[in-house]
A.B. asks: 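Here you go, one structure.
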Amino acid sequence: MTIFSRWFQRPDILATETPKGPWGGSGDDGKTGGNGPRNPWALPPGGRKPAAKPTALDEFLRKARGSGGGGGGNGGFGGMPSGANARALWAIGVAIIAVVWILFTSVHQIGPQQRGVVTYFGKYAGTLDPGVRLTMPAPIADVTVVDVQKIRTDNFPVGDGENLTLTGDQNIIDLAYSVRWDIADPRDYVFQLAEPNDTVRAAAESAMRAVVATTTLDQAIGTGRTVIEQRVAELTQQILNDYKSGVRIQGVAIKQAAAPARIVEDFNAVTAAQQEAIANLNQSRSYAQQVVARAQGEAASFDKVYEQYKLAPEVTRRRMYYETMEAVLAKSDKTIVETPGGVVPYLPLSNAKRLPNPEVVQATPAPAAATAAPQSGAAQ
C-alpha cells in the first residue's frame, strides 16, 4: 500500500463538507450545530418523540379487526373487518340503509294543489290528499304526484307556422287558436292516457276541424268566432270523456282567422266583390221599396177618388177631365182665339209667346248667377 505525501492530497477548497440545515448543524440529527436554533421536527437531544395518542377512528378500526393486526392475521377481505364484530357492523349498516330507504319511499309530502295516485304492485290502491301521507315502501307501493290545479295551455299551431283549415263553403283559412285544460280525475289521468298532452292536442284539433267544416267563411272570420269556440270546447270535452281521460276543458280561444298569406290579395279581391254585390243588392231593395211605397200611395189616393166618384159620378168625371187637361196643357204652347165680332183671317202664330223649355230652364240658373256677380260688384 502506497501512502502519498501531504503535498499530493486534495486541496482544501475541493474538500466536501457536510451540508448544514436551515436550523444549523448538519440538519440530520437535530442538534444545534454551531449557530442557529434547533430543528423543531428533529428528535429532542437525548430523547425520543412522545407517542401519539390514538384517535377514536383508530380505536374503532382496532376493535373491528379484533386483535389490532394489519392486513394479515385477522384482517378481512381487502382490508374490511371480519369476525363476529364485522358481522355486527354489517348488520348495523344494512339496517341503517333499510331505515333510510323506508323513510324516503314511505313518507310523501303532498302539496295543496297536488294529489297522489297510489299503486300496490301496479294496481290502483287510492288517492292521497294534501298533507304528509304514509304508504308502503317501494317497490311495494308507488306514488305518482299530479298537479290538479295547474291550467295547461296548448297552442295551435306550434310556433309561427300555418294551420290551414277548410270551411263549409270550400274556402281555406289560416286558423290559430289555443286550448286550456286541467286535470279533473287524477286516477283516470294516470291510468287511461299514455300520452296525455298528445291526446288532448289530437282531440282539440279534430274538434276544431269538424266544427269549422260546418261553418262559412264569413262566420269563421267574423262574429261567429264565439259560437265556434263554444262548440269546439263542448266537442273536445265529449271526445275526452269517451276516452275516460280525466281531463277537463277550461276553454278555447281563437287568436287568428284569416286568409293564407299566399292568397291574401286574391282573398281581398273576392271580399271586395262580395261587399260590392251586397251593396248593389241593398240598393236595389231600397229602390224597390220606394216604388212599392209610391204605388201604394197612388192606389190609396185612387180609392179615395173612387169613393167620391160613387157619390157624384158626373161631377167627379168632369173634375178628373179638367185636372187631366190642366196637367197636359200646362206643358205645351197654347194660343187662345176670341172672335167677338167675326172671324180673323190671319193669325200671327210666329209672334206668339212660347213657354220655355224645362230642360233649358234648369240649365240657365248657373250662368245667370255668374252674370249677376259683376252687376252686384258694379253696384258697390
Side-chain angles (χ1 to χ4, degrees), residues 146-185 188-189 192-289:
V146 294
D147 193 340
V148 298
Q149 295 183 3
K150 179 181 179 181
I151 303 298
R152 299 160 177 81
T153 303
D154 287 333
N155 295 315
F156 300 83
V158 178
D160 298 331
E162 290 183 337
N163 184 26
L164 303 181
T165 307
L166 185 65
T167 62
D169 52 357
Q170 305 301 317
N171 286 304
I172 297 177
I173 60 173
D174 185 8
L175 195 62
Y177 58 96
S178 62
V179 178
R180 304 182 306 277
W181 59 279
D182 63 351
I183 300 174
D185 190 339
D188 291 341
Y189 179 79
Q192 298 296 333
L193 299 181
E195 299 292 340
N197 294 334
D198 295 342
T199 303
V200 173
R201 289 186 63 87
E205 186 174 6
S206 176
M208 177 60 75
R209 292 186 180 277
V211 172
V212 173
T214 60
T215 60
T216 63
L217 176 64
D218 295 337
Q219 293 174 347
I221 65 177
T223 58
R225 290 189 179 184
T226 304
V227 179
I228 295 176
E229 292 172 351
Q230 183 178 359
R231 292 178 58 190
V232 170
E234 294 175 354
L235 184 56
T236 305
Q237 186 66 67
Q238 180 181 354
I239 295 174
L240 294 175
N241 290 342
D242 294 339
Y243 292 159
K244 296 181 180 180
S245 61
V247 174
R248 178 174 50 238
I249 299 299
Q250 294 291 341
V252 178
I254 297 178
K255 297 183 291 185
Q256 177 186 352
R262 292 169 290 179
I263 59 171
V264 63
E265 296 181 358
D266 298 335
F267 182 83
N268 293 336
V270 172
T271 302
Q274 292 177 349
Q275 294 177 353
E276 183 179 0
I278 293 175
N280 294 335
L281 181 60
N282 294 334
Q283 184 178 0
S284 62
R285 289 176 178 175
S286 176
Y287 177 75
Q289 291 177 356

A.B. asks: What closest approach, in Å, do R180 and A253 show between heavy atoms, and which atom pair accounts for it?
C.D. replies: NH1-CB, 4.1 Å
A.B. asks: Can you check whether V212's main-chain N or O pairs, donor with acceptor, with T215's side chain at less than 3.5 Å?
C.D. replies: yes
A.B. asks: If you round to the nearest 0.5 Å, how far is CD1 of I249 from CG of N241?
C.D. replies: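 So the gap between those two atoms works out to 9.0 Å.
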A.B. asks: Just checking, is any N or O donor in the side chain of T167 or D169 under 3.5 Å from an acceptor N or O on the other one?
C.D. replies: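 Distance-only check passes for T167 and D169.
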A.B. asks: Just how far is it from atom CG of L193 to atom NZ of K244, taken to the nearest 0.5 Å?
C.D. replies: 12.5 Å
A.B. asks: Answer yes or no: does atom CD1 of I172 have more than 12 heavy-atom neighbours from other residues, nucleotides or ligands under 6.0 Å?
C.D. replies: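 Open.
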A.B. asks: Work out which heavy atom in A204 is nearest to a heavy atom in V179; give both atom names and the distance.
C.D. replies: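 Nearest pair, atom of A204 first, then V179: CB-CG2, 3.6 Å.
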A.B. asks: Measure from the side-chain N and O atoms of S245 to the backbone N and O of L240, and report whether any donor-acceptor pair falls under 3.5 Å.
C.D. replies: yes
A.B. asks: Side chain of D174, backbone of N163: donor and acceptor closer than 3.5 Å?
C.D. replies: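 Flag set: sc D174 to bb N163 pair under 3.5 Å.
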A.B. asks: Can you tell me how far CG of L281 sits from CD1 of I278, rounded to the nearest 0.5 angstrom?
C.D. replies: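 These two atoms lie 8.0 Å from each other.
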A.B. asks: State the CZ-CG distance between R209 and L164, to the nearest 0.5 angstrom.
C.D. replies: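 Going from the CZ atom of R209 to the CG atom of L164 covers 8.0 Å.
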A.B. asks: Examine distances only and state if a side-chain atom of S286 and a backbone atom of N282 form a donor-acceptor pair shorter than 3.5 Å.
C.D. replies: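 Checked: no pair found.
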A.B. asks: Under 3.5 Å, side chain of T236 to main-chain N/O of A233, donor-acceptor pair present?
C.D. replies: no
A.B. asks: With a 4.5 Å limit on heavy-atom distance, are the side chains of M208 and I254 in contact?
C.D. replies: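 Result yes, sub-4.5 Å side-chain heavy-atom pair found.
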A.B. asks: Do R231 and T214 come close enough that some side-chain heavy atom pair is under 4.5 Å?
C.D. replies: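 Side chain of R231 against side chain of T214, heavy atoms only: contact under 4.5 Å found.
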A.B. asks: Looking only at heavy atoms, which two atoms of I228 and A220 are closest? And how far apart?
C.D. replies: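 Scanning both residues, the minimum pair turns out to be CD1-CA, 3.8 Å.
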A.B. asks: Is the side chain of Q237 donor-acceptor paired with the backbone N or O of V247 at a distance under 3.5 Å, no angle test?
C.D. replies: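 Between the backbone of V247 and the side chain of Q237 there is a qualifying donor-acceptor contact (under 3.5 Å).
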A.B. asks: Taking only distance into account, with no hydrogens and no angle test, what donor-acceptor pairs under 3.5 Å do side-chain atoms of residues 151-162 form with protein atoms, sequence neighbours excluded?
C.D. replies:
residue : atom : partner : partner atom : Å
R152    : NH1  : K150    : O            : 3.1
R152    : NH2  : D147    : O            : 3.1
D154    : OD2  : W181    : NE1          : 3.2
N155    : OD1  : K255    : NZ           : 3.4
E162    : OE1  : R262    : NH2          : 3.4

